[in-house]
Structures are given as C-alpha cells and as structure tokens.
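What follows is a set of notes on a single structure, which appears directly below.
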Amino acid sequence: NTNNYLTILKSLLKGHNIPWVFQNQKHRIESSLLNIPVADDAEVSTRKKTFAEVQTERQDQAERTVLIKCPSKINEKKLLQYLSSHGNVKSHFFFENRGINALIEFSEKSSIASLQDAVGIPSATEHHVVPFKSRLFTFTLKNPVSQHVEETPLHLSPQCHIPVKDLIQKLCLADSISSQMYMLLNEYQLTEENIKLRFLACSLVRDFTRAYFPDSTVKPFGSSVNTFGKLGSDVDMFLDFHNTGKHATKMKKGPFEMEYQMKRLPSERLATQRILSVIGDCLDNFGPGCVNVQKILNARCPLVKFSHQPTGFQCDLSVSNSIATRSSELLYIYGCLDSRVRALVFTIRCWARVHGLTNSAPGTWITNFSLTMMVMFFLQRRSPPIIPTLDQLKELADEKDKHIIGGYDCSFVSDLTKIKPTKNTEPLDVLLAEFFEYFGNFDFRKNSINLRKGKEVNKPEPSPLYIWNPFEQDLNISKNVNQPQLEKFVAMARESAWILQKEDKTQQIIDKEPWGLAALLIPFGRSNSSKMKNRKGIGSETIRGLLDSLKLNNANSQQKAVGK
C-alpha cells in the first residue's frame, strides 16, 4: 500500500537531519502525505541549467505563444482542434483575468502567422481601431445557443497566492515546521504557467519596441526570473540592445572601416529618457490592453510604469540594466543550490509582510530585496556555510564569466555544477529559529552586511541598516530604512524566536490553536493574548510599548524640526 509505505518512510525520516542530497526526496514524501504539489522532474532539471540557458528557452517559448480571450462557456476540445489546424499546440492553460483567457504555445513560430492570417479586424462602429496585429486575440461563438456547452469545467490556473488566513489553516495540517515552510513555498512561488505569462508580457512589449529598434529585446529581471518571485508580484522588464553591440565589429579585410550612422546624444541618461518616452507613448496610444501608462523619466533609473490588462500584470519597463541582471542571476544560483534557501526566504518575507515590516509602496520599510540579502548573508554565516560568498563564486569563474560593468567587477561562475554542495544538514525549522536569534541580537549600530565577504564588517557610514550592494560596493541597498523600522524588525525577530523556543506544539494541536510557522503569521497580540501577557522576556506587551515609544520619539523629533 503506497500510503503505508510513505507513512513508514516519513516516520523514519522524522526527527533526523537529512543530508542535503536527500532533502528534496524528504520534501516529496512529506508533500505526498499532505497532498502538496511539488516540483516535477522537469523543474528540477531546469534548475541545473545556467541562468542564460533558462532565459533563452523562455524567450523562445514566448515568441511561439499567443493569448486568447475566450467566451465564458468554451469547449476546450473544440478550441484546441481549431487551433491545431494552424500547427501543433505544444502546451496550453486557462486562467481568469477579466474573463476566461487561454495561453497557447505552438511548436513552431510559423503557426502564429497562419493564425493571424485567419483572424479578422474588429468592426469599428463606435471607435476607430488602431491597425496593429498583435498576438492577442478575442474569440467569440458564432452561434452560442447551438454550441454544446463543455460538460467538464475548465481547470483555471491560479495567478495569485491564497490569503494568509487560508494559508494558516493549511499550515496547521502539517506535522513539522519544516513541512509548513515547504507548504508556504508551494503556495506562494511562481507557477510554471505564471512564468510563461510573464515572459509573454515581455515578448508582447518587444513587438512594439522592434518597430523602432529591430535588434532590441525585452527581458524580465528581478523576482520574475531569480526563483524568488511570488504569485501576484509586478513584472520588472528592461529593453535590451545587447544584440546591437554585435554590429560594432569592424571589417578586417579591405581598405574601409564601416559603421552605422546613428543619432548622437550628449549622455546615456538622455538617450535612455528619450527612448522610454517614445516607447511609453507607443504603448499608451497603440498597445492593446496597455493602460495607466506613466513615464517616470527623472528617477535615478528612468522607467515606464503601466498595467498590462491582458495578462493582469503591473509592469515596470526600464532600459538595459546589466547590474540588475547580474543580481538576478546571483540569486538564481543561490536559489538552485539548496532547497532550503528558497523555503527560508519565502517564509521570512511572508512573516515580514504580515507584521508590517515590508510594504509594496516605497518608504522607510525594509524591501524584499534587502530582506532576501539578509537571509543569504545568514546562510553564508552558518557552520558549515549553506551557500558560498560572492568572492568564492568569483574564484570559480572562467573567462566567459568575466563581467566588468561601469567599472564594477560583476564576475562569478555561471555553471552550477562547478559549485560544491554544502555539507550543512541543518533542518529548516532550526534555520528559521536561528535566523530570528541571529538578527534579534545583531549589532546593527556597529556592523554591516557584506555578501562578497560573508562577514560582519564595520559600517562605512552611519545608516541604521547597512547592506552592501553585492556589485556596486559604494552603495547601501537598505539606505531607505530608518531607525524605528529597524528597531521594529529586531523586536519582531526576538518575539518570533521566543515563540519558536517556548510554545508547546502538542498542547496547541489539542487546543486547536495555530502552532509553529502558523503562529508566527498571526500579528502578535491578536491571539492568545492572555498567554502573551504572562510571558517573561520580550513579548507582545514589550513590543507594543517599544513601538509606542518609537512613535513618540518620532513625533517629538518632528516637532523639534518644525520648531527649528
């Protein structure tokens, strides 16, 4: 009996530190018992590929893909039969976004041209249409009444994660904090379908940019590609002219050197602003489904923000940002090295959001990127380390990995097989508790966080929180964080460490109370208030008093500033 087999294996594994090579199998066994979807062999295989290989495959996939807005009652079989007349459909899925939509990936790019030839131009009775033939289509039924309604309901791929309150209920079904953390990861991480949709959004924008710049590409970066993306997050994309640089090669034979005649501008920043201004206007005026276009050209990094209604994403478009791409690749490597890395990052980021330590709006909060860097630094500090330092990755780099960008050395190895696996076997629950202990007692007044060295080093300037940019070493990526926000983070970390150390899981299950990670995802003070008041050490009352005093101090300082 398979269930008995899994139960026996689970009991054997329970309570033991499993070497990293077996962590994924342990996760699969626990997940099978809890009916949690896990990474299939294709996904595991994908994570052995280099960052560049994965991006190239995804971009090629996106160029063979179309997006179809479907009628509310669609017969899946008949739709696929019709589309197959234009070529083999390699994959497809349906999702809900302002109605039912279907993402269709063909095996050959030529199938899209065949489909476009068969599609009509919308009638313009009230409005005049812009004659741009994109890969976005609307299908309607010619005779809705006579059409046979699909008996089996469509499977709709989720494009956002479940609410925290529903997640907490699920977490209580797990049998260990480690299992809870993997469960959270599976609920929050980007799905295969969502990743395809993100690359399609970039590919659709690229169709516009190529009208002006034929050799340009539009690529996602950040959370969409670094393996730490959360369902529902924005899509950061950049316009890349890398292929244009290939034409700079001068002719070796003959008496002439040839080059293109191009517009010359006094600075790269001005060129970037003008390019984004034109592309922004193009998307606003002619882009199907591109709405709320904002051109933010005077920012440190100029960009165009817009909503892409067909895919449902909020998008930020910038111009070639090579260092941001290197940061994405670095995190991709860290996320692929050990299954515990991503599980811990997702857990900490969810915990931080619940307790108001992070926020989607800009401000004095710790950003998700800064928080992720703190987790990476913590994993470098374990004994033995779970992930290598950036300097160690640089030592493994060969000639093709050498990258000097704007005078900064951004070199590190790209081949994951060259990186030796860690000998650290600490389970996730231990790592979670140790993370809170470590930063709950970190000397932020004196020390900074440096991922190149993997060591605590003296702060070069008096910012409350100083995290060195991994590549631009003269920048602090957490410069926006103020003292009250940092002290709130420390207080919450200490409280969380206390909960994990003291609470009785068995009694909580009997009392039907959230336990383990579930207990950490409830804002402190909203449950078990009687127990919290009786705690010794730093508890909710202590935190509340600390936060009130911080507000008071902040208010006093503001009054003094006004007085001056």
Side-chain angles (χ1 to χ4, degrees), residues 42-43 46-47 49-69 83 86-95 97 101-116 119 132-137 157 159 190-227 229 231 233-243 279 282-283 287-290 304 306-318 320-321 325 328-329 332:
E43 184 181 346
T46 297
R47 291 186 187 160
K49 296 176 183 176
T50 66
F51 180 79
E53 288 170 345
V54 173
Q55 303 317 298
T56 300
E57 286 180 12
R58 292 288 188 188
Q59 288 159 19
D60 177 65
Q61 205 174 47
E63 291 189 10
R64 293 182 277 104
T65 301
V66 300
L67 192 60
I68 300 172
K69 191 171 184 62
L83 293 171
H86 297 281
N88 180 56
V89 175
K90 188 172 183 180
S91 70
H92 76 284
F93 68 87
F94 294 90
F95 67 98
N97 173 45
N101 298 270
L103 183 145
I104 308 294
E105 178 196 350
F106 288 102
S107 296
E108 301 293 336
K109 196 174 177 181
S110 57
S111 300
I112 294 177
S114 173
L115 179 61
Q116 286 175 322
V119 174
F132 175 73
K133 297 180 180 179
S134 71
R135 286 175 285 145
L136 297 167
F137 307 109
S157 172
Q159 301 303 311
L190 299 183
T191 60
E192 170 69 11
E193 293 83 2
N194 192 263
I195 294 172
K196 285 184 177 181
L197 200 57
R198 287 168 183 267
F199 274 86
L200 176 61
C202 292
S203 183
L204 293 171
V205 173
R206 184 225 58 183
D207 290 345
F208 278 97
T209 67
R210 285 195 173 176
Y212 295 94
F213 310 104
D215 291 324
S216 65
T217 57
V218 175
K219 301 176 181 178
F221 69 96
S223 62
S224 294
V225 296
N226 64 19
T227 75
L231 281 173
S233 62
D234 296 351
V235 178
D236 294 314
M237 56 179 76
F238 69 94
L239 183 58
D240 188 22
F241 300 104
H242 177 70
N243 291 337
I279 298 301
C282 185
L283 292 173
C290 294
V304 173
F306 62 96
S307 297
H308 193 252
Q309 286 184 338
T311 57
F313 292 126
Q314 297 294 319
C315 304
D316 287 355
L317 173 67
S318 54
S320 299
N321 193 337
T325 305
S328 300
E329 182 170 359
Y332 168 84

Please determine which of Arg135, Gln61, Gln59 meets the side-chain hydrogen bond (donor to acceptor under 3.5 Å, both in side chains) test together with Ser203.
Arg135

What is the minimum heavy-atom distance between Cys202 and Val235, and which atoms define it?
SG-CG1, 4.3 Å

Quick one: does Thr325's side chain get under 4.5 Å of Phe51's, heavy atoms only?
yes

Is there a donor-acceptor pair under 3.5 Å between the side chain of Ser320 and the backbone N or O of Leu239?
yes

Indicate yes or no: at least one non-hydrogen side-chain atom of Arg64 is less than 4.5 angstrom from one of Lys90.
yes

So, does Asn226 use its side chain to make a donor-acceptor pair with the main chain of Phe221 at under 3.5 Å?
no

So, taking the atom named OG in Ser224 and the one named CD in Gln55, what distance separates them when rounded to the nearest 0.5 Å?
9.5 Å

Is it the case that Ser223 and Arg198 place a side-chain donor and acceptor less than 3.5 Å from each other?
no

Working for side-chain contact (heavy atoms from CB on, under 4.5 Å), residues Ile68 and Leu83
CA-CA 11 Å; Ile68 300 172; Leu83 293 171; 3.9 Å; yes

Any Leu67 side-chain heavy atom under 4.5 Å of Phe95 side chain:
yes

So do the side chains of Leu103 and Glu193 get within less than 4.5 Å of each other, counting heavy atoms only?
no

Please check if the side chain of Asn97 supplies one atom and the backbone of Gln309 the other of a donor-acceptor pair under 3.5 Å.
yes

Is the count of non-hydrogen atoms from other residues, nucleotides or ligands lying under 6.0 Å from Gln116 atom CD greater than 12?
yes

Can you check whether Ser216's main-chain N or O pairs, donor with acceptor, with Arg210's side chain at less than 3.5 Å?
yes

Please give me the minimum heavy-atom distance between Lys196 and Ser91, naming the atom from each residue.
NZ-OG, 2.9 Å

At what distance, to the nearest 0.5 angstrom, does CD1 of Ile195 lie from CG of Leu200?
13.5 Å

Quick check for you: to the nearest 0.5 Å, what is the distance between Asn194 atom CG and Phe93 atom CZ?
7.5 Å

Might you point out which heavy atoms bring Leu115 and Phe137 nearest each other, and give the distance in Å?
CD2-CE1, 3.6 Å

Contact between Phe313 and Leu197 at the side-chain level, heavy atoms closer than 4.5 Å - yes or no?
yes

Taking all atoms of both residues into account, what is the closest heavy-atom pair of Phe306 and Leu317, and its distance?
CE2-CB, 4.2 Å

N/O donor-acceptor pair under 3.5 Å between Thr209 side chain and Arg206 backbone:
yes

His308 vs Leu283 side-chain heavy atoms within contact, under 4.5 Å
no

Val225 and Phe199: CA distance, side-chain angles, deciding distance, side-chain contact (heavy atoms from CB on, under 4.5 Å) verdict:
CA-CA 9 Å; Val225 296; Phe199 274 86; 3.7 Å; yes

Give a yes or no answer on whether the side chain of Ser111 reaches the backbone of His86 with a donor-acceptor pair at less than 3.5 Å.
yes

In the structure I gave you, are the side-chain heavy atoms of Thr65 and Phe106 within less than 4.5 Å of one another anywhere?
no

Test item: side-chain donor near acceptor, Ser157 and Gln159, under 3.5 Å
yes

Shortest non-hydrogen pair, Asn321 vs Phe238, comes out as N-CD1, 3.9 Å

Smallest heavy-atom separation, Phe208 atom then Cys282 atom, equals CD2-SG, 3.4 Å

Side chain to side chain, Pro220 and Arg58, heavy atoms closer than 4.5 Å:
no

